[in-house]
Amino acid sequence: MSEIADRALEGCQVSGARVIRWLEDGEPRGAEAFRALYPHTGRAHLIGITGPPGAGKSTLVDALITVLRSRDLSVAVVAIDPTSPFSGGAILGDRIRMQRHATDPGVFIRSMATRGQLGGLSRATFEATGVLDAMGYDVVIVETVGVGQDEIEVVDLAHTTVVVSVPGLGDDVQALKAGILEVGDLFVINKADRPGADDTEKHLLAMLHGRAPAADGWEPTLHRTVATSGEGIDLLAESCAAHRSHLEETGALDAKAARRAEHFFLELLRSLAAQRILEDAAEDESFSYLIASVRARELDPYSAARRLVGAFELRIAKDEN
Ligand SMILES: Nc1nc2c(ncn2[C@@H]2O[C@H](COP(=O)(O)OP(=O)(O)OP(=O)(O)O)[C@@H](O)[C@H]2O)c(=O)[nH]1
Ligand SMILES: [Mg+2]
């Protein structure tokens, strides 16, 4: 087993961070370390937290860390910044907001910029959370801004999904995408110290009422929090733990884990297969001819893609003979 994986398994944060970086960069030694770590995953409680920009998600995570630490649980956080082209703005903000936990060895915070990520957001997140899980963290939190399908997918792949909204903006609840409402297990109205929390709660309840009941029978819970003061965070942490127990008791946890593993496998397969075919095609001058034909509308993209895959299959068959 690779030495670095060994150290990550012992909880070494420097080693864990290095493996995550290798995986992000698509380095083969990242995959090698992951192979050693993977059998040790499956223990952590994975919590996804999402909501509109500025809803107080990072502040909420920071407060949640405090509560979880007081219960002697170790916590890792993956904060995903979907928009910033460089690892600037929001990432720096997250680091500062969670700074007071920086020296606590039971807390590990990673920020991830996902632009240009090979294989997409969910693959990068799966890998990072897998490493953190294997490192032995009791709780692994993923924070994403709830803006796109990718982000919804990421939180949906967690065990427990927390959807954060805020009072004030009348349309805020509507601004939460329908898809996000569907995947939420716990709903939080943060900044409950601001006016309008009652209205937001009414809106949310109405929307949740119209939702199809969860297959595992979980009734979504609604929480009011003031992340900046820690108000309501204890109950939120309790509800997260209750949801995890519910998943365990109903067998839904195993089903979720299976779905997660399959999702990652298929995504990886898609990206590796595409990569392989493209590498193969790059050595062939007919590739640029195909692109030119599509551009000139002499050939449609479907036929071009099929031809490319067909040519790849032919070459494979030839190599085998
Ligand atoms: N009044 C009030 N302000 C809050 C509360 N929670 C967070 N804030 C403030 O809201 C601002 C945004 O907080 P963040 O935690 O960065 O929000 P975020 O959702 O992580 O933001 P992004 O990651 O950029 O989308 C900060 O100035 C916080 O201090 C709250 O409960 N009440
Ligand atoms: Mg944030």
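Computation of the quantities below employed the complete heavy-atom set of this structure, encompassing side-chain atoms and omitting hydrogens, waters and symmetry-equivalent molecules. Order of appearance sets the numbers: ligands from 1, and atoms from 1 within every ligand. All values derive from a computational prediction rather than experimental measurement.
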May I ask which of R194, K191, K57 has a heavy atom nearer to atom 8 (N) of ligand 1 than the others do?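 Looking at heavy atoms only, K191 sits closest to atom 8 (N) of ligand 1.
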Relative to atom 24 (O) of ligand 1, which among S229, A63, G56, G54 owns the nearest non-hydrogen atom?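 It is G54 that holds the nearest heavy atom.
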Any chance you could lay out the side-chain contact (heavy atoms from CB on, under 4.5 Å) test for R306 and D300, step after step, and finish with the verdict? CA-CA 10 Å; R306 284 214 186 91; D300 68 282; over 6 Å; no
Heavy-atom contacts with [X] under 4.0 Å: which atoms of ligand 1 show up? List them by number with element.
{"X": "P53", "answer": "25 (O)"}
{"X": "D193", "answer": "1 (N), 2 (C), 30 (C), 31 (O), 32 (N)"}
{"X": "S58", "answer": "15 (O), 18 (P), 20 (O)"}
{"X": "V226", "answer": "31 (O)"}

E143 atom (N/O/S) at minimal separation from the Mg ion (ligand 2):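 Going through the N, O and S atoms of E143 one by one, OE2 ends up nearest to the Mg ion (ligand 2).
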Side-chain heavy-atom pair [X], [Y] within 4.5 angstrom cut-off:
{"X": "I47", "Y": "V140", "result": "no"}
{"X": "S74", "Y": "V107", "result": "no"}
{"X": "L247", "Y": "H159", "result": "yes"}

Kindly state each residue pair satisfying ring-ring contact (aromatic ring centres under 6.0 Å, His included) with at least one member in residues 251-303, sequence neighbours excluded. F126-F264
Atom CG of D319 with >12 non-hydrogen neighbours under 6.0 angstrom: yes
With a sphere of 6.0 Å drawn around CD of E298, does it hold more than 12 non-hydrogen atoms of other residues, nucleotides or ligands? yes
Nitrogen or oxygen atoms of A192 and ligand 1 under 3.5 Å apart: no
N or O contact, L60 vs ligand 1, cut-off under 3.5 Å: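 Looking only at distances, the answer is no, because the N/O contact criterion of under 3.5 Å is not met.
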Once salt bridge (Lys or Arg N to Asp or Glu O under 4.0 Å) is applied, do any residues pair with D254, and if so which ones, sequence neighbours excluded?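 By the salt bridge (Lys or Arg N to Asp or Glu O under 4.0 Å) rule, D254 matches no residue at all.
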Where does D62 meet ligand 1, judged by heavy-atom distances below 4.0 Å: at the side chain, the backbone, both, or neither? neither
Determine, using heavy atoms of E143 and all atoms of ligand 1, whether some pair is separated by less than 4.0 Å.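 For ligand 1, residue contact (heavy atoms, under 4.0 Å) with E143 is present.
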Below 2.8 Å, any N, O or S contact between S58 and the Mg ion (ligand 2)? yes
